A.B. asks: 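After the structure tokens below, expect a handful of questions from me.
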Protein chains: 2
Amino acid sequence: MDIGSRTELLRSVGLFRGLEREDLAAVAEAAREQPFSRDETLFSQGDDATHGFVVGWGRIRLDKVTPEGQNVVLRHMGPGDMIGIVAVLRRIPFPATPVALEDGLALSWSAGRFAELMNRFPPIALNAIDVVGGRVEELQRRLQEVATQRVEQRIAATLLRLANQSGRKVEDGIEIPFALSRQDLAEMTATTLHTVSRTLSAWDSEGIVESRRSSHLVIRRPHRLAEIAEHA
Amino acid sequence: MDIGSRTELLRSVGLFRGLEREDLAAVAEAAREQPFSRDETLFSQGDDATHGFVVGWGRIRLDKVTPEGQNVVLRHMGPGDMIGIVAVLRRIPFPATPVALEDGLALSWSAGRFAELMNRFPPIALNAIDVVGGRVEELQRRLQEVATQRVEQRIAATLLRLANQSGRKVEDGIEIPFALSRQDLAEMTATTLHTVSRTLSAWDSEGIVESRRSSHLVIRRPHRLAEIAEHA
DNA sequence: AATCCCATTTGCGGGAGCGCAAATAAAGCT
DNA sequence: AGCTTTATTTGCGCTCCCGCAAATGGGATT
């Protein structure tokens with residue numbers, strides 16, 4: 001991947017918004033390419049934060065495990081999302097583990113390199129605040145959801161959120177274009193895979209979603225799902 | 001309050017860490033003082049973010065209400081904490097409402113003034129990332145708690161957290177030095193005031209806490225509480 | 001001191017969702 | 001293709017916790 005393509009990629013990355021093309025090129029040049037394949041982890045929770053990453057392509061799930069070994073899915077990331085950069089800046093170990101859902105490519109910068117870049121291009125710091133602020137908002141919303149809504153509503157809201165973030169229009173609805181197990185959904189909605197399975201089974205037979213084992217999940221009646229999510 | 005005292009105050013504020021004394025004085029000078037009294041709100045969720053705040057003294061509870069009117073307590077804040085500054089920087093309406101738990105004083109800066117200061121003193125932006133990163137971490141931990149632990153554990157963990165943040169050693173334990181209703185605790189732990197009441201009653205008769213209606217809550221056996229919090 | 005107001009307590013019943021366990025069905029491997 | 005491994009489904013019982021309702025008791029107000 002040449003510098004030109006990298007630069008092009010970085011143009012749509014929120015973290016580098018407001019940088020001139022030549023500045024972007026400098027940022028791109030400082031990057032290292034890190035390809036990853038399905039099920040691989042970019043790093044592990046607890047590791048020293050030596051590098052920060054930006055996703056080039058491919059989808060990634062961010063996991064956090066409790067001391068007791070229970071897992072919680074914090075978020076899904078895709079092209080343009082930054083990973084681990086806050087940990088780099090705060091000089092703390094990575095607090096979570098990013099797992100690749102499909103093959104892809106990330107760009108990375110060492111901690112020192114990244115500090116240089118931030119120094120040289122002040123907008124980066126402001127953009128970082130914006131991005132992290134967005135994550136705070138998202139987490140607050142999820143906390144609110146878990147605190148006030150029932151499981152069915154949370155699953156519905158989660159599917160709609162995934163559809164908004166990464167959904168693809170297909171013939172008979174909106175497809176979630178990556179593997180999404182019951183367990184994954186359970187870890188996203190603070191419930192068990194059993195309850196997720198029962199819920200999706202019911203929705204499947206009502207024609208709200210199509211969720212066969214083999215293929216990706218398809219939301220057939222998004223409007224109905226939105227009703228379920230909102231109906232307190 | 002003169003500039004000297006303000007400067008002294010700002011010395012211990014994370015957001016301004018690394019600034020020289022004279023820089024702090026400039027920041028202090030640009031601030032406006034905003035006293036508040038118990039039960040007052042500094043602003044309301046949904047308001048335009050025209051000012052950012054830093055708590056001088058007094059305790060504040062940060063509330064977020066759902067469209068359906070249910071409330072969730074996001075966090076408690078005290079001296080040195082920043083409030084609303086991320087909303088100012090992101091140019092979004094305030095996403096929550098800070099309610100004073102006791103009389104106190106905040107310093108505030110207008111959006112424009114704050115932007116100037118950040119421009120003039122680059123460390124502020126980096127510190128802001130650090131602070132917001134810390135909030136992300138805290139929210140992730142709470143999400144994990146709500147997702148994986150039972151009510152009793154969550155209440156125990158919350159009391160311990162409050163004790164760590166603001167607890168005062170007293171003769172027979174650690175006191176939470178501000179009003180804390182069952183409803184408040186319920187909104188902090190994603191449960192109902194009934195369940196909180198039942199739990200605290202039980203703990204009271206076991207001598208783990210002392211929680212009479214009139215006075216502040218006292219943790220008598222923190223170690224036991226930690227056991228409850230951890231015992232999966 | 002009497003009254004009102006509100007937080008808290010507590011009983012009781014019910015329901016949402018968990019957890020175990022076994023059946024079923026895909027997908028991957030050799 | 002046959003076998004193993006892993007994901008999903010589904011039944012069943014049970015537990016935790018909610019939600020209603022009524023009682024209790026302080027604190028504040030007059």
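Each chain gets a letter, A, B and so on, in the order its sequence line appears, and its residues count up from 1. Quantities reported herein were computed from a predicted structural model and do not represent experimental measurements.
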A.B. asks: For A:Arg38, does its backbone N or O pair with a side-chain atom of A:Asp103 as donor and acceptor, under 3.5 Å?
C.D. replies: yes
A.B. asks: Ignoring hydrogens and geometry beyond distance, is a side-chain donor-acceptor pair present between B:Ser201 and B:Asp204 at under 3.5 Å?
C.D. replies: no
A.B. asks: Is the backbone of B:Phe178 close enough, under 3.5 Å, to the side chain of B:Arg59 for a donor and an acceptor to pair up by distance?
C.D. replies: no
A.B. asks: Apply side-chain contact (heavy atoms from CB on, under 4.5 Å) to A:Gln149 and list each qualifying residue two or more places apart in sequence or on a separate chain.
C.D. replies: A:Glu145, A:Gln153, A:Arg154
A.B. asks: Any side-chain N or O of A:Ser201 under 4.0 Å from OP1/OP2 of D:dT10?
C.D. replies: yes
A.B. asks: Please identify which of these residues, B:Arg75, B:His76, B:Arg61, B:Arg161, meets the side-chain contact (heavy atoms from CB on, under 4.5 Å) condition with B:Met188.
C.D. replies: B:His76
A.B. asks: Does A:Ser197 have a side-chain nitrogen or oxygen under 4.0 Å from the phosphate oxygens OP1 or OP2 of D:dT9?
C.D. replies: yes
A.B. asks: Just how far, in rounded Å, is P of D:dT8 from CG of A:Leu217?
C.D. replies: 11 Å
A.B. asks: Taking B:Val65's backbone N and O only, do any of them form a donor-acceptor pair with B:Gln45's side chain (distance below 3.5 Å, no angle check)?
C.D. replies: yes
A.B. asks: Using C1' atoms of five pairs at each end, report the bend of the helix from C:dA1-D:dT30 to C:dT30-D:dA1 rounded to 10 degrees.
C.D. replies: 40°
A.B. asks: Please answer whether the main-chain N or O of A:Ala163 pairs with a side-chain N or O of A:Ser166 as donor and acceptor at a distance below 3.5 Å.
C.D. replies: no
A.B. asks: Can you measure B:Gln183 atom CD to C:dT8 atom C1' for me and round it to whole angstrom units?
C.D. replies: 12 Å
A.B. asks: Restricting to nitrogen or oxygen on both sides, can you table the protein-nucleotides 13-22 of chain D pairs closer than 3.5 Å?
C.D. replies:
| unit_1 | atom_1 | unit_2 | atom_2 | d |
| --- | --- | --- | --- | --- |
| D:dC17 | OP1 | B:Val151 | N | 2.9 |
| D:dC18 | OP1 | B:Thr191 | OG1 | 2.8 |
| D:dC18 | OP2 | B:Thr191 | OG1 | 2.7 |
| D:dC18 | OP2 | B:Thr192 | OG1 | 3.4 |
| D:dC18 | OP2 | B:Thr195 | OG1 | 2.3 |
| D:dG19 | O6 | B:Arg198 | NH2 | 2.8 |

A.B. asks: Would you tabulate the pairs of protein nitrogen or oxygen atoms and nucleotide nitrogen or oxygen atoms of nucleotides 2-5 of chain C closer than 3.5 angstrom?
C.D. replies:
none

A.B. asks: In B/S/- notation, 5' to 3', how is nucleotides 24-30 of chain C contacted by protein heavy atoms closer than 4.0 Å?
C.D. replies: -SSS---
A.B. asks: May I ask you to decide if A:Glu152's main-chain N or O and A:Thr199's side chain share a donor-acceptor pair within less than 3.5 Å?
C.D. replies: no
A.B. asks: Could you tell me whether the side chains of B:Gln144 and B:Gln140 share a donor-acceptor contact shorter than 3.5 Å?
C.D. replies: no
A.B. asks: What is the separation between atom CG on A:Leu200 and atom P on D:dT8, rounded to the nearest whole Å?
C.D. replies: 10 Å
A.B. asks: Can you tell me how far C1' of C:dG19 sits from CD of A:Gln70, to the nearest Å?
C.D. replies: 12 Å
A.B. asks: Could you give me the CA-CA distance, side-chain angles and deciding distance for A:Arg6 and A:Glu33, then say whether salt bridge (charged side-chain N to carboxylate O under 4.0 Å, His left out) is met?
C.D. replies: CA-CA 9 Å; A:Arg6 285 195 199 165; A:Glu33 290 182 23; 3.0 Å; yes
A.B. asks: Are the charged groups of B:Glu138 and B:Arg135 less than 4.0 angstrom apart, N to O?
C.D. replies: no
A.B. asks: What is the distance, to the nearest angstrom, from the NE2 atom on B:His216 to the P atom on D:dG27?
C.D. replies: 13 Å
A.B. asks: In the structure I gave you, are the side-chain heavy atoms of B:Asp130 and A:Leu89 within less than 4.5 Å of one another anywhere?
C.D. replies: no
A.B. asks: Would you call the rings of B:Phe43 and B:Phe94 parallel, tilted or perpendicular, where under 30° means parallel and over 60° means perpendicular?
C.D. replies: parallel
A.B. asks: Tell me the interatomic distance from A:Gln153, atom CD, to C:dA16, atom P, rounded to whole angstroms.
C.D. replies: 12 Å
A.B. asks: Atom CG of B:Leu185 to atom P of C:dT9: distance rounded to whole Å?
C.D. replies: 11 Å
A.B. asks: Whole angstrom is fine here: how far is it from CG in A:Leu193 over to P in D:dT9?
C.D. replies: 9 Å
A.B. asks: For A:Arg198, check side-chain hydrogen bond (donor to acceptor under 3.5 Å, both in side chains) against everything at least two apart and list the hits.
C.D. replies: none
